[in-house]
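Scroll down for the structure; my scribbles are underneath it.
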Amino acid sequence: MGCLLSTPEVAGGARRRPRNIGEVVVFVPGLRIPRPLDFAQPLGDGLSKSLVERLSALRTRIEVMAGQEAPMTTKPRRTATQHGGSTLTDLQQALEDYLPVLLGLVENGNWLKHNLRFCWINQEDDVEETTMSDSWYEVLSVLHLMAVLLLSQANLLLLPNKFTSGYQSTALEDCKRASIDIFLKAAGYLDFAVQKVLPQLPLELRNDLPLDLSEGVLKALCLQALGQGVEIQLGMAIDSIKATLAVKRRLACEMVKYWHQAEEYIKDLPLANGWGEKQKLFIQWKHIEAKAIAYYLHGLILEEGNTSAGIAAAALQAAEEYLKESKMACDSFHVTLPSSRNPPPWGASKYLAERIPKDISSKTINWDSQKHEMIKQVAPALPDFVLSLKPDEYQLPSTDPSWNDLQVQNVVPTK
């Protein structure tokens, strides 16, 4: 059975905590970074020298690159590498190269899966690092890092430096569409991790996982990716003359449901330091903001229909109140360390900020400022739509062919 060792935050000082991460479009959790691991001693008698060396080289590459990437993930400029891409892209490729070789340790009941003590630095837990002697923990950590790197890639793609006046509109649309694909791929990694990898770990180990890898955080991060994908779709619909008001409302209502579900998974978790608290505040902010735009669009449709003017006005008034609340939630998110900045509004956020103050003041009831909660209570219910965005289907790659050779010898399994 695998065992666990957690190191207090004060030990070693290996965790990096930047105090300012710049402009944030997509919340990116702190990277989990693997600690050095000696493959030779635990596996030397069970595997060929070449396979042990390959495992070691592939993981060492990830250790070095992740350590270099951690403080860089939110910076708009990437460093070009000898391969012509970014360090972010190269780290993603390194993980994809490592995973098929790693899977040889966990498939077919391989008794070697408990011989190694995998250690990773945590970002959202009170302990600095967590070590487990179970190769499924390593697989889970790899998938989580692959998903976080995609969220970082989406953030870089959507940062406002892309949206300068000289940036062609077609290229801008391509960036938005590409970001949706990235969100769905990241959600696919996280959904697979929850559905297929977590159950492989014994219950006692699952209970001892760092918060970064807890089921609630993984599910919330998956729903965040889907929610941000719908947000991009909504922004594109707002910019399109072909999209009807009903289509925009549907997307906005779906966005509310994604963020609501994400908040339900994460609200009671003890995410009290830095990255963890920031993730919770980001989800709260986006949930409130989604309500503001959904109620605004719902109110406009009610105005066009046969609904009483009072019900439509109540929906619009609720939109105005949620907009005020979202601005406060936005500020709370950005001042929480590591501090961040809100980019100039664009897409759905820009539409929200511009239209509500202009359109609503002349149409709504003049409520007393103290009736904030009452305004939200009397607002009509939002329509309930089936969620349209789903995580991409993901399957683990085939085990590397190097495991096909007779390399595992008769080794007494580690207890």
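Positions are given from 1 along the sequence. What you see is a predicted model, and the numbers here were worked out from it, not measured in a lab.
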**Request:** Dump the intermediate steps for side chain to side chain donor-acceptor pair (under 3.5 Å) on Gln317 and Glu320, then the final yes or no.
**Result:** CA-CA 5 Å; Gln317 188 75 57; Glu320 188 173 37; 3.1 Å; yes
**Fill in**
Residue set satisfying side-chain contact (heavy atoms from CB on, under 4.5 Å) with Ser340, at least two apart, ordered chain then number -> Ile21, Val24, Lys278, Phe333, His334
**Audit row: Tyr394, Asp191, side-chain contact (heavy atoms from CB on, under 4.5 Å) steps and yes/no** = CA-CA 8 Å; Tyr394 175 76; Asp191 184 62; over 6 Å; no
**Exercise: identify the closest heavy-atom pair between Ala66 and Leu91** = CA-CD2, 3.9 Å
**Request:** Spell out, as yes or no, whether a donor-acceptor pair under 3.5 Å connects the side chain of Ser152 to the backbone of Val148.
**Result:** no
**Request:** For the pair Ser141 and Arg32, evaluate side chain to side chain donor-acceptor pair (under 3.5 Å) and give the outcome as yes or no after the intermediate values.
**Result:** CA-CA 8 Å; Ser141 297; Arg32 303 186 74 250; 2.9 Å; yes
**Item:** Gln200 side chain near Val106 side chain, heavy-atom distance below 4.5 Å
**Value:** no
**Asked** At their closest point, which heavy atom of Glu254 faces which heavy atom of Ser388, and how far apart are they?
**Response** OE1-OG, 2.7 Å
**Asked** Within the side chain of Arg59, is there an N or O that forms a donor-acceptor pair under 3.5 Å with the backbone of Pro36?
**Response** no
Just list the side-chain donor-acceptor pairs under 3.5 Å for residues 217-230, sequence neighbours left out, or say none.
unit_1: Lys219; atom_1: NZ; unit_2: Glu215; atom_2: OE2; d: 2.8
unit_1: Gln224; atom_1: NE2; unit_2: Phe27; atom_2: O; d: 3.0
unit_1: Gln224; atom_1: NE2; unit_2: Gln228; atom_2: OE1; d: 3.1
unit_1: Gln228; atom_1: NE2; unit_2: Val25; atom_2: O; d: 3.1

**Request:** Please examine the side chains of Asp134 and Pro202, heavy atoms only from C-beta on, and report whether any two atoms are closer than 4.5 Å.
**Result:** yes
**Asked** Take atom OH in Tyr265; do more than 12 heavy atoms of anything else shown fall under 6.0 Å from it?
**Response** no
**Asked** Does a side chain donor of either Glu138 or Tyr98 reach within less than 3.5 Å of an acceptor in the other side chain?
**Response** yes
**Message:** Contact between Arg341 and Asn20 at the side-chain level, heavy atoms closer than 4.5 Å - yes or no?
**Reply:** yes
**Prompt:** For Leu211, does its backbone N or O pair with a side-chain atom of Ser214 as donor and acceptor, under 3.5 Å?
**Reply:** yes
**Prompt:** What residues form a side-chain contact (heavy atoms from CB on, under 4.5 Å) with Val247, not counting sequence neighbours?
**Reply:** Thr244, Leu251
**Message:** I need the Ile33 CD1 to Met65 CE distance, nearest 0.5 Å.
**Reply:** 13.0 Å
**Prompt:** Can you name the residues that form a side-chain hydrogen bond (donor to acceptor under 3.5 Å, both in side chains) with Asn207, not counting sequence neighbours?
**Reply:** none
**Asked** Which value, rounded to the nearest 0.5 Å, describes the distance between Leu37 atom CG and Cys119 atom SG?
**Response** 9.0 Å
**Message:** Applying side-chain contact (heavy atoms from CB on, under 4.5 Å) to Met146 and Val142, what does each step give before you reach the verdict?
**Reply:** CA-CA 6 Å; Met146 290 169 68; Val142 167; 3.8 Å; yes
**Asked** Does anything in residues 378-400 pair up under salt bridge (Lys or Arg N to Asp or Glu O under 4.0 Å), and if so which pairs, sequence neighbours excluded?
**Response** Arg54-Asp400, Lys257-Asp384
**Asked** If you round to the nearest 0.5 Å, how far is CD of Gln279 from CH2 of Trp275?
**Response** 10.5 Å
**Message:** Looking at every heavy atom in both Ser133 and Arg117, which two are closest together, and how far apart are they?
**Reply:** OG-CG, 3.2 Å
**Message:** Any heavy-atom pair between the side chains of Leu203 and Arg206 that's under 4.5 Å?
**Reply:** yes
**Asked** Are Asp212 and Trp120 close enough, and set up right, to give a side-chain contact (heavy atoms from CB on, under 4.5 Å), and what steps lead you there?
**Response** CA-CA 11 Å; Asp212 312 56; Trp120 288 68; over 6 Å; no
**Euclidean distance, Ser179 OG relative to Asp174 CG, rounded to 0.5 Å** = 11.0 Å
**Prompt:** Is a donor on one side and an acceptor on the other found under 3.5 Å between the side chain of Tyr295 and the backbone of Ala379?
**Reply:** no
**Request:** Answer whether the closest heavy-atom distance between the side chains of Tyr296 and Tyr322 falls below 4.5 Å.
**Result:** no
**Message:** Would you say that Lys196 contacts Leu396 through its side chain, given a criterion of any heavy-atom pair below 4.5 Å between the two side chains?
**Reply:** no
**Message:** If you define the side chain from C-beta out and look only at heavy atoms, does anything of Leu151 sit under 4.5 Å from Pro29?
**Reply:** yes
**Prompt:** Closest heavy-atom contact between Asp239 and Lys176?
**Reply:** OD2-NZ, 3.3 Å
**Qualifying residues under side-chain contact (heavy atoms from CB on, under 4.5 Å), relative to Ala243, sequence neighbours excluded** = Ala237, Ser240, Lys248
**Asked** Given the rule in the side-chain contact (heavy atoms from CB on, under 4.5 Å) test, do Leu205 and Trp136 qualify, once you have shown the distances and angles that lead to the verdict?
**Response** CA-CA 10 Å; Leu205 286 191; Trp136 280 112; over 6 Å; no
**Message:** Which heavy atom of Ile293 sits nearest to which heavy atom of Ala252, and what is that distance?
**Reply:** CG2-CB, 4.0 Å
**Message:** Would you compute the distance between atom CG of Leu88 and atom CD of Gln68 and round it to the nearest 0.5 angstrom?
**Reply:** 13.0 Å
**Minimum side-chain heavy-atom gap Leu213-Thr130 below 4.5 Å** = no
**Prompt:** Between CD of Gln92 and CG of Leu149, what distance do you get to the nearest 0.5 Å?
**Reply:** 5.0 Å
**Fill in**
Correct closest heavy-atom pair for Leu159 and Glu23 would be CD2-O, 3.3 Å
**Request:** Flag the pair Glu325 and Lys291 as a salt bridge only when some basic side-chain nitrogen lies within less than 4.0 angstrom of an acidic carboxylate oxygen.
**Result:** no
